[in-house]
There are 2 protein chains.
Amino acid sequence: MLFSVQVEVRLREGIADPQGATIERSLPQLGFDGVQGVRVGKLIRFDVEAVDEAAARAEVTDLCARFLTNPVIEDSEIAVRAAAGSER
Amino acid sequence: MLFSVQVEVRLREGIADPQGATIERSLPQLGFDGVQGVRVGKLIRFDVEAVDEAAARAEVTDLCARFLTNPVIEDSEIAVRAAAGSER
């Protein structure tokens with residue numbers, strides 16, 4: 001069965017986010033006021049073939065810890081759902 | 001009122017995603033099979049001060065088009081909700 005996976009990778013609380021800080025600093029000059037706390041993360045989407053949702057989630061959790069994130073400075077959040085039209 | 005905003009910036013369909021392709025190519029060597037269609041996007045979170053949700057959404061939409069995305073190659077999806085504890 002095919003599952004659609006969405007992994008959000010974001011910097012942990014307290015870890016400096018220079019990309020977000022740069023966006024935040026630039027906005028007032030462009031006329032956007034009142035924006036604060038900008039944090040930039042990654043959103044990785046893919047499909048994974050697995051026997052059931054639990055197996056898909058286990059594979060993705062492992063994948064996140066070993067490859068997609070740096071657990072020292074990053075947190076991840078995983079969403080797994082059956083891909084449309086994957087029931088056969 | 002303070003609103004929590006989440007902007008997903010992703011490459012449009014059909015635009016090459018070298019970062020996603022690299023992840024996809026590397027996975028079988030690490031023992032992860034059955035992963036396909038990897039696409040890497042950005043997820044930008046911030047808070048914005050606005051009179052109501054419509055105003056917040058309008059500001060963020062403008063911000064996206066002018067600053068956060070390159071509309072030629074990127075799509076964006078915006079989620080706005082009242083920040084916790086912002087009702088006063």
Side-chain angles (χ1 to χ4, degrees), chain A residues 1-11 13 17 19-52 55-56 58-69 74-77 79-80 83-84 86, chain B residues 1-11 13 17 19-52 55-56 58-69 74-77 79-80 83-84 86:
Chain A
M1 228 180 122
L2 200 63
F3 294 88
S4 285
V5 179
Q6 189 177 313
V7 176
E8 180 186 349
V9 180
R10 58 186 168 214
L11 290 165
E13 293 276 331
D17 181 346
Q19 203 182 351
T22 303
I23 292 176
E24 195 166 330
R25 223 166 36 232
S26 309
L27 291 176
Q29 294 162 31
L30 289 164
F32 296 102
D33 293 315
V35 175
Q36 52 183 272
V38 182
R39 304 286 284 175
V40 180
K42 275 179 289 189
L43 193 73
I44 305 167
R45 291 172 182 270
F46 54 89
D47 293 327
V48 64
E49 186 69 45
V51 289
D52 58 22
E59 181 171 351
V60 174
T61 304
D62 190 25
L63 183 57
C64 266
R66 289 179 50 201
F67 188 61
L68 296 179
T69 71
E74 290 170 335
D75 268 333
S76 65
E77 200 175 305
V80 176
S86 75
Chain B
M1 230 181 121
L2 199 63
F3 294 88
S4 284
V5 179
Q6 189 177 314
V7 176
E8 180 186 350
V9 180
R10 58 186 168 214
L11 290 165
E13 293 275 332
D17 181 346
Q19 203 181 351
T22 303
I23 292 175
E24 195 165 330
R25 224 166 35 230
S26 310
L27 291 177
Q29 294 162 32
L30 290 164
F32 296 102
D33 293 316
V35 174
Q36 51 183 272
V38 182
R39 305 284 285 175
V40 180
K42 274 178 290 188
L43 193 73
I44 305 166
R45 291 173 182 270
F46 53 89
D47 294 326
V48 64
E49 186 70 45
V51 289
D52 58 22
E59 180 172 352
V60 174
T61 304
D62 190 25
L63 182 56
C64 267
R66 289 179 51 202
F67 188 61
L68 296 178
T69 71
E74 289 170 334
D75 268 332
S76 65
E77 200 175 305
V80 176
S86 74

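Remember, predicted model here, so these are calculated numbers, not experimental data. To find a chain, count down the sequence lines: A is the first, B the second, and so on, and within it residues start at 1.
Looking only at heavy-atom pairs under 4.5 Å with chain A, the residue among B:Val5, B:Val9, B:Asp17, B:Leu30 that has the most is B:Leu30. Taking chain A as the reference chain and counting heavy-atom pairs below 4.5 Å, the highest number among B:Asp47, B:Ile44, B:Val48 is found for B:Asp47.
Screening residues 59-69 of chain B for salt bridge (Lys or Arg N to Asp or Glu O under 4.0 Å) gives B:Asp62-B:Arg66 as the qualifying pairs, with residues at least two apart or on separate chains. Among residue pairs with one or both ends in residues 20-41 of chain A, none qualify as side chain to side chain donor-acceptor pair (under 3.5 Å); sequence neighbours excluded.
Side-chain atoms of B:Arg10 and A:Leu43, non-hydrogen and from C-beta on, never get closer than 4.5 Å to each other. You'll find the side chain of B:Glu8 reaches within 4.5 Å of the side chain of A:Arg45, heavy atoms only.
Looking at A:Leu27, the atoms closer than 4.5 Å to chain B (heavy atoms on both sides) all sit in the side chain, from C-beta outward. Using a 4.5 Å cut-off between heavy atoms, A:Phe32 contacts chain B through both its backbone and its side chain.
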What's the verdict on side chain to side chain contact (heavy atoms under 4.5 Å, CB included) for B:Phe46 and A:Ile23, showing C-alpha distance, side-chain angles and the deciding distance?
CA-CA 10 Å; B:Phe46 53 89; A:Ile23 292 176; over 6 Å; no
